[in-house]
Trainee: 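Encoded as structure tokens, here's the structure I'll be asking about.
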Amino acid sequence: MTYIRECIVTTADKDGKVHIAPLGIIAEDDGWIIAPFRPSTTLDNLTQIPFAVASYTDDVRIFAGCLTGRKDWPLAPIDGCAVPRLQAALAHSVLQVVRVDDDGVRPRHFCRVVSEASHAPFTGLNRARAAVLELAILVSRLGMLPREKIEMEIEYLAIAIEKTAGPEEQEAWGWLMERVTQHFAGKDANGEDVRAAKS
Ligand SMILES: Cc1cc2nc3c(=O)[nH]c(=O)nc-3n(C[C@H](O)[C@H](O)[C@H](O)COP(=O)(O)O)c2cc1C
């Protein structure tokens, strides 16, 4: 059984430009595996600077925002680390890549935990947050999943939104649903017609 922690991973390129992306880090012994699909900025950055910060946050707008072109979330420096964390992290782990299992599709970066810190209390589970996370994963796979499956899952997830969401979860859900609607209308994330762009 694989245990995966969904978090926001920050990386940096050799010029210090920081990138943030939602990723599921995979538990392995006392460390974590980061497995970005090719091509990805996270992968390019890990090749240049073999450090990443996993930020654990309950602000699901950041997951939804990263998938809908809203990547400008406040960051905070970490002493002795070239890569910052999310300001909104309840806690974070600094990860150092110690080995890479190369793969044409999804190279696995085995990381040791260099340091960890907590910043704010965890205030409990919320169904709407979990539903936004699930919709974010669906949105990251829109091109791979059949429309029927996407619609069926959204119908179920929407129940948790209706019953338990606060304003932040509603906003995050709205951003993701806008992307789903664009996808079904044949538009890309910028609202451009995908079919026209291909012809
Ligand atoms: C909760 C969640 C977990 C994800 N986990 C992964 C992952 O493990 N590997 C991956 O390549 N993409 C994953 N994605 C999709 C990436 O966030 C997305 O493709 C992102 O743009 C990565 O590419 P980038 O580094 O170029 O930004 C995940 C998305 C979500 C919402």
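Both ligands and their constituent atoms are indexed starting at 1 by order of listing.
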Trainee: Any salt bridge between D101 and R99, counting N to O under 4.0 Å?
Mentor: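 Judged by the 4.0 Å cut-off on N to carboxylate O distance, D101 and R99 do form a salt bridge.
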
Trainee: Just need the protein heavy atom nearest to atom 3 (C) of ligand 1, so name the residue and atom and give the distance.
Mentor: E6 OE1, 3.3 Å

Trainee: Checking R147 against H183: is there a side-chain donor and acceptor pair closer than 3.5 Å?
Mentor: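 No, no side-chain donor-acceptor pair sits under 3.5 Å.
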
Trainee: Just heavy atoms, cut-off under 4.0 Å: does L67 contact ligand 1 by side chain, backbone, both, or neither?
Mentor: side chain

Trainee: Measure the spacing between OG of S40 and CG of L23 and express it to the nearest 0.5 Å.
Mentor: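 These two atoms lie 7.5 Å from each other.
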
Trainee: Side chain or backbone, does F37 bring an N or O within less than 3.5 Å of an N or O on ligand 1?
Mentor: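 The answer is yes, given that F37 and ligand 1 share an N or O pair closer than 3.5 Å.
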
Trainee: Of the protein's non-hydrogen atoms, which lies at the shortest distance from atom 8 (O) of ligand 1, and what is that distance?
Mentor: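 Going atom by atom, the protein heavy atom closest to atom 8 (O) of ligand 1 ends up being R106 NH2, 2.9 Å.
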
Trainee: Only pairs under 3.5 Å count here: list side-chain donor-acceptor contacts from residues 120-137, not counting sequence neighbours, and write none if there are none.
Mentor:
residue	atom	partner	partner atom	Å
N126	OD1	A128	N	3.1
N126	OD1	R129	N	2.9
N126	ND2	T164	O	3.2
R129	NE	D58	O	3.4
R129	NE	E169	OE2	2.9
R129	NH1	D58	OD2	3.4

Trainee: Quick one: does I25's side chain get under 4.5 Å of I4's, heavy atoms only?
Mentor: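 With C-beta onward as the side chain, the pair stays apart.
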
Trainee: Tell me whether R70 forms a cation-pi arrangement with W175, defined as NZ or CZ under 6.0 Å from the six-membered ring centre and within 45 degrees of its axis.
Mentor: yes

Trainee: Evaluate the 4.0 Å heavy atom contact test for atom 24 (P) of ligand 1: does a protein atom fall under the cut-off?
Mentor: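 Yes, at least one protein heavy atom sits under 4.0 Å from atom 24 (P) of ligand 1.
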
Trainee: Looking at atom 12 (N) of ligand 1, what's its closest protein heavy atom, distance included?
Mentor: L23 CD2, 3.5 Å

Trainee: Locate the shortest heavy-atom distance separating V100 from V97; write the atom from each residue and the value.
Mentor: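 In this case the closest contact between V100 and V97 is CG2-CG1, 3.8 Å.
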
Trainee: Taking the non-hydrogen atoms of K71, is any one of them nearer than 4.0 angstrom to ligand 1?
Mentor: yes

Trainee: Can you tell which of G24, C66, A64, P22 gets a heavy atom nearest to atom 16 (C) of ligand 1?
Mentor: P22

Trainee: Look at atom 21 (O) of ligand 1 and say whether a protein heavy atom is found at less than 4.0 angstrom from it.
Mentor: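 No, there is no protein heavy atom closer to it than 4.0 Å.
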
Trainee: With heavy-atom distances below 4.5 Å as the criterion, would you say the side chains of L95 and I34 are in contact?
Mentor: yes

Trainee: When you compare ligand 1 with T41, is there at least one nitrogen or oxygen pair between them that comes in under 3.5 angstrom?
Mentor: yes

Trainee: Go through ligand 1 atom by atom and flag the ones less than 4.0 Å from a non-hydrogen atom of S40.
Mentor: 23 (O), 24 (P), 25 (O), 26 (O)

Trainee: Is A35 in polar range of ligand 1, meaning some N or O pair under 3.5 Å apart?
Mentor: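 By distance alone, the answer is yes.
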
Trainee: Under 4.0 Å from any heavy atom of A136, which atoms of ligand 1 are there?
Mentor: 31 (C)

Trainee: Check the orientation of Y3 and W32. Use parallel for under 30°, tilted for 30 to 60°, and perpendicular for over 60°.
Mentor: tilted

Trainee: Nearest protein heavy-atom contact for atom 27 (O) of ligand 1: which residue, which atom, what distance?
Mentor: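 The closest heavy atom on the protein side is H19 NE2, 2.7 Å.
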
Trainee: Give a yes or no on whether W173 and V60 share a hydrophobic cluster (residues Ile, Leu, Val, Met, Phe, Trp, Tyr; joining criterion: side-chain heavy atoms under 4.5 Å apart).
Mentor: yes

Trainee: With respect to S140, determine whether any N or O atom, backbone or side chain, lies less than 3.5 Å from an N or O atom of ligand 1.
Mentor: no

Trainee: Answer side chain, backbone, both or neither: which part of L133 comes under 4.0 Å from ligand 1, heavy atoms only.
Mentor: side chain

Trainee: Looking at ligand 1, does any of its N/O atoms fall within less than 3.5 Å of an N/O of P36?
Mentor: no

Trainee: Sequence neighbours left out, what pairs pass salt bridge (charged side-chain N to carboxylate O under 4.0 Å, His left out) with at least one residue falling in residues 28-56?
Mentor: R38-D102

